[in-house]
Amino acid sequence: FSNEKSPDKERKYQGAIQDYPFTECCGLLDFFERYNFTIDETDPSDMEIGVDPEMLGKIFENLLEDNKDKGAFYTPKEIVQYMCRESLIAYLLTDSTIEEEKIRDFVISHSDNFMESEKSELIQKLKSVKICDPAVGSGAFPMGMLNELYACRHVIEEDTSPVDIKKEIVKENIYGVDIEKGAVDIARLRFWLAIIVDETEPIPLPNLDYKIMQGNSLLESYEGIDLSNLSKSLENDLFGGSEQTIKKLVDAINGYFVPSDKLAKDKIRKQIEEYIYILLRERNLQDAEYEKLKKIDLHENNKFFLWHTWFYDVFNRPN
């Protein structure tokens with residue numbers, strides 16, 4: 001594993017002309033020490049030692065078949081960070097009583113020079129923001145927003161654990177859609193890595209099936225069948241049956257985030273599917289249209305995306 005008898009100065013690079021470029025005294029651990037490994041991608045300057053999940057973006061861009069032909073390109077972290085910060089600053093300034101300079105310093109330098117009333121306003125805004133990437137790719141921009149939201153909230157909520165803050169951000173603030181299933185899988189993996197990096201002991205990871213989803217974000221219809229009204233109560237629903245089904249559906253989607261048991265997850269997913277079919281039936285679809293929709297996976301497909309259903313909490317807020 002290592003060669004302690006030989007001084008460190010002997011473990012030097014000998015040039016590429018030899019079959020093995022390092023001296024024989026180099027052990028396995030000595031070899032590994034020449035590289036940085038990390039699961040922390042919060043810092044674009046790569047000051048943190050550590051396997052950088054940015055490699056997942058490189059994999060998505062370069063190794064997955066035909067991705068470049070489809071317009072899939074990875075955005076460097078510096079650009080992602082700049083765009084995320086500017087977007088967050090613009091959001092926090094909206095209807096705000098706080099000076100722009102103070103908010104800009106807060107987002108960029110994470111300086112805490114606010115009064116208690118200003119802190120209360122900021123934390124309310126940070127907790128209620130909804131961010132969605134309709135072409136999430138490998139998750140560069142949502143991941144950038146996760147890092148920025150976490151950095152800002154960590155300044156104000158010093159007593160809250162990093163894992164709890166990140167889980168809450170992923171659950172309440174961030175959404176993503178992509179037409180490619182491989183991209184969705186990579187994006188979910190990056191979010192899991194971002195959460196476990198702060199864990200002191202292994203705990204069940206959240207289920208991101210209804211946070212980062214596959215679908216065609218340009219369409220909410222299928223072969224002429226409008227699917228944007230599934231989560232809207234029917235006007236002639238005298239007994240509120242449709243409204244109750246929608247509430248059960250939303251509760252099931254939100255409840256899916258937590259369970260780690262496969263049987264529990266399968267049960268909730270089956271319930272969600274049943275509620276969707278009930279709502280489809282209530283829309284008075286023709287039998288042929290209904291059967292068409294039953295043959296396609298409404299959760300994951302590349303034909304359409306049910307914006308108002310899967311992201312109900314975003315589209316049905318009071319404001």
Side-chain angles (χ1 to χ4, degrees), residues 39 41 51 53 55-57 59-60 64 132-133 136-139 142-143 146 150 161-217 227 230-231 244-281 293-314:
I39 50 172
E41 60 176 329
V51 178
M55 69 179 180
L56 296 174
I59 291 169
F60 174 68
L64 297 186
C132 180
D133 189 339
V136 75
S138 60
M143 183 59 63
L146 169 65
Y150 167 74
S161 76
V163 173
D164 290 340
I165 293 176
K166 285 184 178 180
K167 281 188 174 180
E168 188 176 337
I169 291 171
V170 173
K171 185 174 188 283
E172 302 293 340
N173 306 130
I174 291 177
Y175 305 81
V177 185
D178 200 277
I179 199 167
E180 293 290 334
K181 182 66 170 69
V184 171
D185 290 338
I186 289 174
R188 288 175 182 168
L189 177 57
R190 292 183 74 179
F191 274 95
W192 284 322
L193 286 172
I195 291 171
I196 64 172
V197 70
D198 291 310
E199 290 180 352
T200 54
E201 59 183 55
I203 60 175
L205 291 166
N207 303 310
L208 304 179
D209 297 44
Y210 296 97
K211 303 300 299 180
I212 310 294
M213 302 187 68
Q214 183 192 9
N216 184 346
S217 59
L227 300 170
L230 281 184
S231 59
Q244 289 178 8
T245 304
I246 293 168
K247 185 180 183 307
K248 289 178 182 177
L249 172 64
V250 174
D251 289 344
I253 290 173
N254 291 333
Y256 190 85
F257 186 79
V258 179
S260 58
D261 179 70
K262 186 178 186 304
L263 291 175
K265 290 196 294 183
D266 290 345
K267 184 179 179 182
I268 295 174
R269 197 175 177 99
K270 194 169 183 359
Q271 287 176 338
I272 291 170
E273 193 173 26
E274 288 173 0
Y275 295 142
I276 291 287
Y277 288 139
I278 291 171
L279 292 173
L280 283 172
R281 273 297 188 195
L293 290 168
K294 285 204 74 171
K295 290 177 182 177
I296 193 168
D297 187 348
L298 300 174
H299 295 84
E300 297 176 329
N301 66 76
N302 58 6
K303 308 296 182 188
F304 56 86
F305 184 71
L306 304 178
W307 282 104
H308 292 81
T309 303
W310 303 135
F311 297 164
Y312 181 91
D313 291 339
V314 178

Which heavy atom in D178 sits nearest to a heavy atom in G137, and how many Å separate them?
-> OD2-N, 2.8 Å

Using a strict 4.0 Å threshold on nitrogen-to-oxygen distance, state whether K265 and D209 make a salt bridge.
-> no

Salt-bridge criterion met for D251 and K247 (N-O under 4.0 Å) = yes

Rounded to the nearest 0.5 Å, what separation is found between the CZ atom of F311 and the CG atom of D313?
-> 10.5 Å

Flag the pair L249 / Y312 as yes when at least one side-chain heavy-atom distance between them is below 4.5 Å, and no otherwise.
-> no

Crowded around K181 NZ? As in, over 12 foreign heavy atoms under 6.0 Å?
-> yes

Considering non-hydrogen atoms only, spot the tightest contact between M143 and A194 and give its length.
-> SD-CB, 3.9 Å

Ring pair (Phe, Tyr, Trp, His ring centres under 6.0 Å) contacts in which one or both residues fall within residues 248-276, not counting sequence neighbours | Y210-Y256

Taking all atoms of both residues into account, what is the closest heavy-atom pair of A252 and I268, and its distance?
-> O-CG2, 3.4 Å

Nearest 0.5 Å please: distance from the CE atom of M213 over to the CZ atom of R188.
-> 7.5 Å

Kindly give the heavy-atom pair with the smallest separation between R190 and G139, and that separation in Å.
-> NH1-C, 3.8 Å

d(L205 CG, S260 OG) to nearest 0.5 Å is 9.5 Å

Can you tell me how far CG of L279 sits from CG of L227, rounded to the nearest 0.5 angstrom?
-> 11.0 Å

Test salt bridge (Lys or Arg N to Asp or Glu O under 4.0 Å) applied to K262 and D266, step by step | CA-CA 6 Å; K262 186 178 186 304; D266 290 345; 2.8 Å; yes

Any residue meeting salt bridge (Lys or Arg N to Asp or Glu O under 4.0 Å) with E273, in chain and number order, not counting sequence neighbours = none

Minimal heavy-atom distance between I212 and V184, with the atoms involved, is O-CG1, 3.5 Å

Say whether, by atom type as modelled, one donor and one acceptor occur between the side chain of S231 and the main chain of H308 under 3.5 angstrom.
-> yes

Side chain to side chain donor-acceptor pair (under 3.5 Å) filter on K267, not counting sequence neighbours, yields none

State, yes or no, whether a side-chain contact exists between I179 and N216 at a heavy-atom distance under 4.5 Å.
-> yes

Can you tell me how far the CD1 atom of I276 sits from the NE2 atom of H299, to the nearest 0.5 Å?
-> 7.0 Å

Among pairs that include at least one residue of residues 179-203, which meet ring pair (Phe, Tyr, Trp, His ring centres under 6.0 Å), considering only residues two or more places apart or in two chains?
-> none

Salt bridge (Lys or Arg N to Asp or Glu O under 4.0 Å) involving K171 - partner list, sequence neighbours excluded | none

Mark yes when over 12 heavy atoms from residues, nucleotides or ligands other than K248 sit less than 6.0 Å from its NZ; otherwise mark no.
-> no

Stepwise, does the side chain to side chain contact (heavy atoms under 4.5 Å, CB included) test hold for W310 with I272?
-> CA-CA 10 Å; W310 303 135; I272 291 170; 3.7 Å; yes

With Y175, the side chain to side chain contact (heavy atoms under 4.5 Å, CB included) member among V170, V136, V314 | V314

Interatomic distance, K211 atom NZ to I174 atom CD1 [nearest 0.5 angstrom] | 8.5 Å

For W307 and C132, the nearest pair of non-hydrogen atoms, with its separation, is CZ3-SG, 3.5 Å

List for me each residue that meets salt bridge (Lys or Arg N to Asp or Glu O under 4.0 Å) alongside D133, sequence neighbours excluded, and say none if there are none.
-> none

Are side-chain heavy atoms of L298 and T309 found at a separation under 4.5 Å?
-> no

